[in-house]
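Below, chain A is the first sequence line, B the second, and so on; all start at residue 1. Since the model is a prediction, treat every value here as computed from it, not as a measurement.
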There are 4 protein chains.
Amino acid sequence: MNFDIAPNAPTPIYRQIVEQVRRLVASGQLRPGDDLPSVRVVALHHAINPMTVSKAYSLLETEGLLERRRGLGMVIAQTRARSTQQDKLALLRPALSTASQIAKQLGLDDKQALAAFQTCLNEWSKKEAP
Amino acid sequence: MNFDIAPNAPTPIYRQIVEQVRRLVASGQLRPGDDLPSVRVVALHHAINPMTVSKAYSLLETEGLLERRRGLGMVIAQTRARSTQQDKLALLRPALSTASQIAKQLGLDDKQALAAFQTCLNEWSKKEAP
Amino acid sequence: MNFDIAPNAPTPIYRQIVEQVRRLVASGQLRPGDDLPSVRVVALHHAINPMTVSKAYSLLETEGLLERRRGLGMVIAQTRARSTQQDKLALLRPALSTASQIAKQLGLDDKQALAAFQTCLNEWSKKEAP
Amino acid sequence: MNFDIAPNAPTPIYRQIVEQVRRLVASGQLRPGDDLPSVRVVALHHAINPMTVSKAYSLLETEGLLERRRGLGMVIAQTRARSTQQDKLALLRPALSTASQIAKQLGLDDKQALAAFQTCLNEWSKKEAP
DNA sequence: GTGGTCTAGACCACT
DNA sequence: GTGGTCTAGACCACG
């Protein structure tokens, strides 16, 4: 389990964590009962403030996605139904919509935009696969 | 010349303006010497504070993309070479990269992601065309 | 760390701050990693608006001279090489050039101008030394 | 008679003109009865707005330094006593004071600062002499 | 505690 | 008419 943190990105760190956990759960890569890396481990690994990680986990707990197991850390909650394809696409849509707007304003045609997207997808595949 | 402002978006208004001007220049829809709508006009049209617009224009001036004509307004700087396809794709890449990361974390395959992107592109085409 | 603010000078306050930070960094009095006084502290100390200070800091961040440590404040960026004598003289040159033009237009000879400059330098030495 | 105009300088154009006339009169390079170049000529020569030149001349007229000769243009007023050395140095002092402050903040010693000033003076001599 | 954003309104300077 | 600067005060986000 590794989070992908960009400390200088415009979106705050705690939100990056929250969204990644949501997606990993939606995709089934994290399943009910799986445990998350401890606040301390994540904080050390990414050189960020433990309180930032804690805030993310707390939000996810409030949301019902995580459960706190005393003395053990956080685990994925049991109560979540597996997400449908529809749910996943709904999580992806905002990012695609932003990209579409930009492509249109740049005057790029769909073919170019789709090709560029394919390239990016390939790069991320490499990052995760090996 | 119309800006596309989403007052409730997470990205601040002044930054939305900055980015749109960058793209409109990159795409050639704004050319060197063209003048921008005045701070007050933009502010009134979108019901936002003139200072917010002014901040955006100032940043673009610092960046060298705009020039101030004292007492007259802002114009696109003369010193910019026409953008290449490379430049345009560079402006699009960050958004595509974000979307790719999300798609991978959701466990969607490329075919699904590309189809969803095509759908979004079509929607934005409709928004602009008619 | 004290800024020298002249509220009634023709050059705007935020610019006075920007230029002083540039010089303090160039002279090595501020080094990479040093943190700056917080926006609120500077604002209170000089009885100016926090936004004025914030504007200065933001510009310096854009310039790459400062880095934002989220939730902690601003620090001098790590990426700056120590300035050479050349750099320092480059920051001084515009002011000397202005003074030279004025001296020439007044018909003063170099000896008089240099003597007057020496006098001014002495006065500033007194201001800082004791 | 040539004005030295820097359109992108921070000090407004009209003020650049005003100050230069003041200095040229103080130095005796412009004497009572001498006529100034017409608004139209100055405006064309420097590609600036005639109203800007006019504003400068009007200010100088209000100040009593210029007189309007109908149909002939502006001439240096008769009523001015020749400036003393003291007066001239007083006009130079602000610029020297600014330069001194900068030099001190940069940590330059007086010798270096004076040498740099001498260099600048030489450059301006070349600009005017030949 | 830190800085960021936005508003409302004032005043100034330039053309 | 144009943009620039500053203020006062509010609210948010981050650590």
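Atom C1' of nucleotide F:dG3 and atom CG of B:Asp35 are separated by 14 Å, given to the nearest angstrom. Taking atom CD of residue C:Glu61 and atom P of nucleotide E:dG3, one finds them 11 Å apart after rounding to whole Å. In this structure, C:Met74 places its CE atom 16 Å from C1' of E:dG1, rounding to the nearest Å. Nucleotide F:dT2 holds its P atom 16 Å from the CG atom of B:Leu66, rounded to whole Å. When rounded to the nearest whole Å, the span between CG of C:Asn8 and C1' of E:dC12 equals 14 Å. Here F:dG1 presents its P atom at 19 Å from CG of B:Leu36, a figure rounded to the nearest Å.
For the side chain to side chain donor-acceptor pair (under 3.5 Å) test, no residue two or more places apart in sequence or in another chain qualifies with A:Thr98. In terms of the side chain to side chain donor-acceptor pair (under 3.5 Å) criterion, B:Ser38 has no residue partners (sequence neighbours excluded). Partners of D:Arg68 under the salt bridge (charged side-chain N to carboxylate O under 4.0 Å, His left out) rule, at least two apart in sequence or in another chain, are D:Glu61. Every salt bridge (charged side-chain N to carboxylate O under 4.0 Å, His left out) that A:Arg22 has, sequence neighbours left out, goes to A:Glu63. Applying the salt bridge (charged side-chain N to carboxylate O under 4.0 Å, His left out) rule to A:Arg40 yields no partners; only residues at least two apart in sequence or on another chain are considered. Scored by the salt bridge (charged side-chain N to carboxylate O under 4.0 Å, His left out) test, C:Arg70 finds no partners at all (sequence neighbours excluded).
Sequence order on DNA chain F of the closest nucleotides to B:Val39 and C:Arg70 puts B:Val39 first from the 5' end. Ranked by how close their nearest DNA chain E nucleotide is to the 5' end, C:Leu72 and B:Gly71 are led by C:Leu72.
A donor-acceptor pair under 3.5 Å links the side-chain atoms of C:Gln16 to the main chain of C:Thr11, judged by distance alone.
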- [ ] Using a 4.0 Å heavy-atom cut-off, write out nucleotides 5-11 of chain E from 5' to 3' as B (base contacted by protein), S (sugar-phosphate only) or - (no contact).
- [x] SBBBB--
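Minimum atom distance to the side chain of C:Arg68 is reached by E:dG4, of the listed E:dG4, F:dG3, E:dT15.
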Below 3.5 Å, can you tabulate the donor-acceptor pairs from side chains in residues 42-50 of chain A to any protein atom, sequence neighbours excluded?
unit_1, atom_1, unit_2, atom_2, d
A:His46, ND1, A:Val42, O, 3.3
A:His46, NE2, A:Phe3, O, 3.0
A:Asn49, OD1, A:Met51, N, 2.8

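The closest side-chain donor-acceptor pair between D:Gln20 and C:Gln105 falls under 3.5 angstrom.
The strand DNA chain E forms stems, runs of 3 or more Watson-Crick or G-U wobble pairs with distances below 3.5 Å, at E:1-14 with F:1-14.
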